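Presented below is the structure to which this report refers.
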Amino acid sequence: MTEAMRGEAQSLVTRANIRQGNPASAGRASAASEGPAVIDVRDLEVAYYVYGAEPTRALRNVSVRLRPGEILGLVGESGAGKTTLARAIMRVVPRPGRIERGEIFFMGTDLGAMSEAELSKLRGRDLAMIVANPRGELNPLLRIGPQIATIAEVHLGVSRKRGLEMALDMLRAVAIPDPERRLRAYPHELSGGMAQRIVIAMALICGPRFVISDDATSGLDVTVQAQVLDLLRKLVREQNTSMLYITRDIGVAANFCDRVDIIYKGEIVEDAPTEAFFSGPAHPYSNFLFAAFSHNAELRRRWMGSAPSPESDAAEALCLYADRCVKRQVRCLAEHPALRELAAGRLARCHFPVER
Amino acid sequence: MAVVRYIAGRLAFLVPQIIGIVLVSFLLIKAVPGDPATLMLGPMATPQTIAELRAQLGLDKPLPVQFLIYVDKLAHGNLGTSWQTTKPVLDDLRVRFPATLELVTYGMLLALAIGIPLGVASALGKRGPLAKLGGFYGLVAGALPDFWLALILIYIFYSLLGWVASPIGRIDVTVTTPHMITGFYTIDSLLTGNWAAFRSSVHHLILPVLTLGLVNAGPILKMTQATMERTLEADFSLYGRLCGLPEKLVIRRAFRNALPSVITIVSVLYGFLIGGAVLIEIVFSWGGAGQYAVQGVLNSDFNPVLGFVIFSALFSLVVYLIVDLIYLAIDPRIRR
């Protein structure tokens, strides 16, 4: 990042803080420990309405809080509701989805009460999203430079020339070789890893307060993934941005995130600081995920349950994980467990959490 | 520079394409029953005079020889003569082809002016009134026979209201035709400052152009709508919204991405209408190329038919070349 870029990012941060009436942002460590929530999702329910069928509940009572500068890992299998949560926070739930209940606060403001015009001023500026399939996300007919620059022009009101300068700085920041030439390149001329970095550059050019990375690095080679993650962490730390890092790879979450949330069938089943989580997951599903990524066959066997059953109507009455759980007991089939605190900052939704 | 080489390559390829097209249409037209000599001489002719005329026309020679003779003449710019008009086909087509082209070009422009806005509107508002109009129009335009619509329009705007000139020909008989430059009466009259001819030719164009425009806006509307719906839902459009780009900009970019498909359908329609507008030409006694070719087919007058085929083939090939150049300009993915 150049001085100018840093200045821009810094001024954004300051401006956001003034809006909030906060003192200038303190060091990351202290900010992460107290500070108000950047994103506060409360009891969010999202359902998909398919014609001629009962609506599918994609998110059940999801509450998520992110403090300034915090990186929260959201881990779960396909269909658990990760992307739905991401899109719901951005207020672009894919059709035929509908937000049924719950609130989403950004820096204390209710996003649900905002107009579409107000939201689109926030999107890309304060709330950014990095998506997978980066080549599809870039317009094939436009050069990279203008595509990145437009976002700065729209949100920061800068000229095309200044926008292109900022784009060039961003390309340098995401470590794209030969950035001057890449500005003039078209998306099809880039490799997947390169295109992913472009999308990161687009998401971060306005110095957002909050970034969602939706499975953004999973399509990359392991080596490239490591590079991109390092880069992402560096940029996020520099701008004191909070980040929701969505992944299916629990190993990446371990290395990358400050805190981990495990989501299963649209429900948060565990929430813990990364270190505590990886020294001993409390929920049986977390243990299963953990085991699935380990090379210990014995460990895998121990936690491996049966295949998930389709949604049952009685879901209210029982634990959603009961059908797969190796620790299942009678109570699990009779009573839906609440997300309860096991220790300071550690939550699990289980009647019989694993203890160590 | 690469573009110049590309165009040169495409143009060089025109010659074999034309020869292939001529060969196929030559064989097809010879397969049609009917002897021009018999038709030319009428019912009173003796077999002997018919045989003489056949020899004179070269019809007694074997087919390959006839073909080679035709190609040889063609290479010297001679398309033969039409026995119906007794004029060289080239001279006939020089007047008639621009007549059709003028009609079809304005018709296409009107079709674009109707089809694209309605198509975009119906892609945008899935339930709005404009979308309903677009959907209804797409349905109706596909089902309207063009000659029928032409007759209805004549009835309303000429017979009932009397707003337009009589639906006969390209210009009033009392008005001197403009000196031929492009063959488009509207353009030539403007270039020569012949205002009477300009007014008259515009008046004569209104109804046939309206017919062509209304009928052909249908497919353009459908294509615009379908492609726009796709590009508006494409990942890059969704991501644009996620980045907070104004909806207007997202729509504009989606339209740009839809443009290649729209241009394709336009080029196909344009090439097709050179011959496909023949019913309109007949209804309005336009004296265009399509009418000329159909008369040729009906009367075993081979040279006009072949001449028409060559002209429209050349025209289509040029249109496709231009379209490819437009693709090249708007889509960087094929620029290599």
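Quantities reported herein were computed from a predicted structural model and do not represent experimental measurements. Numbers restart at 1 for each chain; the letters A, B, ... are given by sequence-line order, proteins then strands.
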Inset, instruction - Supply the atom-to-atom distance Ile265(B) CD1 to Ile220(B) CD1, rounded to the nearest 0.5 angstrom. - result: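 Here the interatomic distance stands at 7.5 Å.
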
Tell me, side chain or backbone of [X] under 4.5 Å from chain B's heavy atoms, or both, or neither?
X	result
Ala117(A)	neither
Arg91(A)	neither
Met90(A)	side chain

Legend entry - Residues Thr100(B) and Glu281(B): side-chain donor-acceptor under 3.5 angstrom: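 Present: a donor and an acceptor within the cut-off.
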
Inset, instruction - May I ask you to decide whether Asp215(A) forms a salt bridge with Lys82(A), counting only side-chain N to carboxylate O separations under 4.0 Å? - result: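 Result for this pair is no, no salt bridge flagged.
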
Inset, instruction - May I ask you to decide whether Glu165(A) forms a salt bridge with Arg160(A), counting only side-chain N to carboxylate O separations under 4.0 Å? - result: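 Salt bridge between Glu165(A) and Arg160(A), a charged N being under 4.0 Å from a carboxylate O: no.
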
Inset, instruction - Tell me, out of Leu141(A), Val154(A), Leu119(A), who's got the most heavy-atom pairs with chain B below 4.5 Å. - result: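 It is Leu141(A).
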
Legend entry - Heavy-atom pairs under 4.5 Å with chain B, option from Glu116(A), Lys121(A), Met202(A), His155(A) with the top count: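 Option with the top pair count is His155(A).
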
Legend entry - Student check: side-chain heavy atoms of Tyr245(A) and Leu74(A) closer than 4.5 Å: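 No - every pair of side-chain heavy atoms lies 4.5 Å or more apart.
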
